Amino acid sequence: MTGPLGKDLLGLESLSGEQIRLILDTAEPFKEISERAIKKVPTLRGSTIVNLFFEASTRTRVSFEFAQKRLSADAVNVAASGSSVSKGETLVDTARNLEAMRIDMVVIRHGASGAARFLAERIESNVINAGDGTHEHPTQALLDMLTLRDHFKRLAGLRICICGDVLHSRVARSNMWGLQKMGAEVAVCGPRSLLPNAIDEMGVTVFRHIEDAIQWADALNILRLQLERMQGGYIPSLREYNRVFGVSSERLNRAPKDLLILHPGPMNRGVEIDSDVADGPHSVILNQVTNGVAVRMAVLYLLSGGKPELAEAAKGGGGR
Ligand code: CP
């Protein structure tokens, strides 16, 4: 079934600003469901969704599962270990076998950039990209944008600096595409070795010094140093990285205004972000996690053919 987003959600590069706004607006009424004593509406009753997580995840996997359960979809989780993928079955064969059991949607996290699109072009079910290699992580960027919009009441004109390991970050790419489509100004800051070669073609400002980024920005989205994707040689040492690029309260105190602090998680405390910043008064890191459930409910609802104007009614179980 297709809705206003098309068949799949593979990334924000291919969405329009209008489609991004639609997802954020649709997420608004869904926030309230998670605050109820009984966190469940029958909106997606009868839908069957498979969560294929071939890479580690806490936030995204659990958040999708909560979103599915709160909308009353039937959800099944498949991990690489313990499935026939560990015996050499291909991604497409796995998905086609699951489709033979009459599923409606696949949520996929995979270590290979492009895996979500590869799958979407080969199966009939809706596909949602939950992070593919270093390519895109669209629902993370959407929940980041919802969190920014909650605080600033707008995205247009905001100055957001994405700090740290941009090279390995699918979150950075989705945020760069998404925020610019919503009219925000985007910058990056990090060592040259952790910025993509094509950074100058991405429409963003590049800061070499974190102090300059802090002077410029309204909000910092601080990225995890992805040590598991580094073969060595990117940075001299973690201590050196923290000394030069780490976001500390000492540095933030020199800013001309209070900066909103975001981090997609998981955090390397004491490396890219100090604990007093992560847990400080301007951190919205846990608000991001809370908003993730509403954003994923909105994406599931819209991809399953839900009508945006009926999202409010969907809270009571109608709206498709
Ligand atoms: N932000 C994020 O993708 O976290 P997980 O890897 O825990 O899902």
Side-chain angles (χ1 to χ4, degrees), residues 9-13 23-24 27 34 49-70 75 77-81 106-116 127-148 150 160 162-179 188 190 194 219-230 247 260-269 271-273 277-279 283-300:
L9 178 65
L10 304 178
L12 298 193
E13 188 179 9
I23 298 170
L24 300 184
S34 295
I49 305 175
V50 175
N51 299 312
L52 280 181
F53 275 69
F54 292 166
E55 247 195 359
S57 169
T58 299
R59 277 148 290 270
T60 312
R61 186 179 58 76
V62 176
S63 179
F64 265 112
E65 203 175 335
F66 277 142
Q68 293 152 2
K69 290 196 158 124
R70 287 175 193 179
N77 296 319
V78 178
S81 63
V106 174
V107 178
I108 179 168
R109 169 167 289 195
H110 201 284
S113 301
V127 174
I128 301 175
N129 182 4
D132 62 329
T134 60
H135 176 226
E136 282 228 38
H137 191 349
T139 57
Q140 177 68 45
L142 288 163
L143 71 88
D144 293 345
M145 285 192 271
L146 187 62
T147 308
L148 286 163
D150 283 350
I160 316 299
I162 302 169
C163 304
D165 186 358
V166 179
L167 179 68
H168 298 105
S169 178
R170 50 200 177 205
V171 177
R173 278 170 189 72
S174 290
N175 264 284
M176 281 191 256
W177 303 130
L179 282 165
V188 296
L194 290 178
L220 302 181
N221 197 345
I222 304 163
L223 301 174
R224 181 173 72 89
L225 220 50
Q226 298 199 30
L227 301 169
E228 74 280 14
R229 294 193 207 272
M230 295 186 194
V247 178
L260 203 70
I261 301 297
L262 297 93
H263 192 305
M267 290 184 274
N268 295 307
R269 288 174 180 261
V271 180
E272 70 266 4
I273 185 168
V277 174
D279 304 326
S283 166
V284 287
I285 293 169
L286 293 178
N287 305 52
Q288 291 172 262
V289 179
T290 304
N291 277 339
V293 179
V295 157
R296 289 169 180 130
M297 288 167 92
V299 169
L300 294 166

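In listed order, ligands and their atoms are each counted from 1. If you're wondering where the values come from, they're calculated on a predicted model, not measured in any experiment. If you read the sequence from its start, that first residue is 1, and numbering goes on from there.
Summary of contacts: the protein heavy atom closest to atom 7 (O) of ligand 1 is Thr58 N, 2.8 Å. Of the protein's non-hydrogen atoms, Thr60 OG1, 3.5 Å is the one closest to atom 2 (C) of ligand 1. Scanning the protein heavy atoms around atom 1 (N) of ligand 1, the nearest turns out to be Pro264 O, 2.8 Å. Of the protein's non-hydrogen atoms, Arg109 NH1, 2.9 Å is the one closest to atom 6 (O) of ligand 1. The nearest protein atom to atom 4 (O) of ligand 1, hydrogens excluded, is given as Arg59 NE, 3.0 Å; this is a heavy-atom distance.
The main-chain N or O of His137 is found under 3.5 Å from a side-chain atom of Ser174 such that the two form a donor-acceptor pair. With hydrogens and angles ignored, the 3.5 Å screen pairs a side-chain donor or acceptor of Arg173 with a backbone N or O of Thr134.
Checked by distance only, ligand 1 and Pro266 stay at 3.5 Å or farther apart across all their nitrogen or oxygen atoms.
For the pairing with Ser57, the side chain to side chain contact (heavy atoms under 4.5 Å, CB included) check across Arg61, Arg59, Glu55 returns one residue only, Arg61. Among the candidates Thr60, Asn77, Asn51, the single residue satisfying the side-chain hydrogen bond (donor to acceptor under 3.5 Å, both in side chains) test with Glu65 is Asn77.
Of the candidates Ser57, Ala56, Gly292, the one placing a heavy atom closest to atom 8 (O) of ligand 1 is Ser57.
In the model, Asn287 has no side-chain atom that pairs as donor or acceptor with a side-chain atom of Thr147 under 3.5 Å.
Minimum heavy-atom separation, Asn129 to Glu136: ND2-O, 3.4 Å.
Using a 4.0 Å cut-off between a side-chain N of Lys or Arg and a carboxylate O of Asp or Glu, Arg269 and Asp279 qualify as a salt bridge.
Within ligand 1, counting atoms from 1 as listed, the ones closer than 4.0 Å to a heavy atom of Gln140 are 1 (N), 2 (C).
Ligand 1 lies less than 4.0 angstrom from a heavy atom belonging to His137. Contact annotation: Gly265 has at least one heavy atom less than 4.0 Å from an atom of ligand 1.
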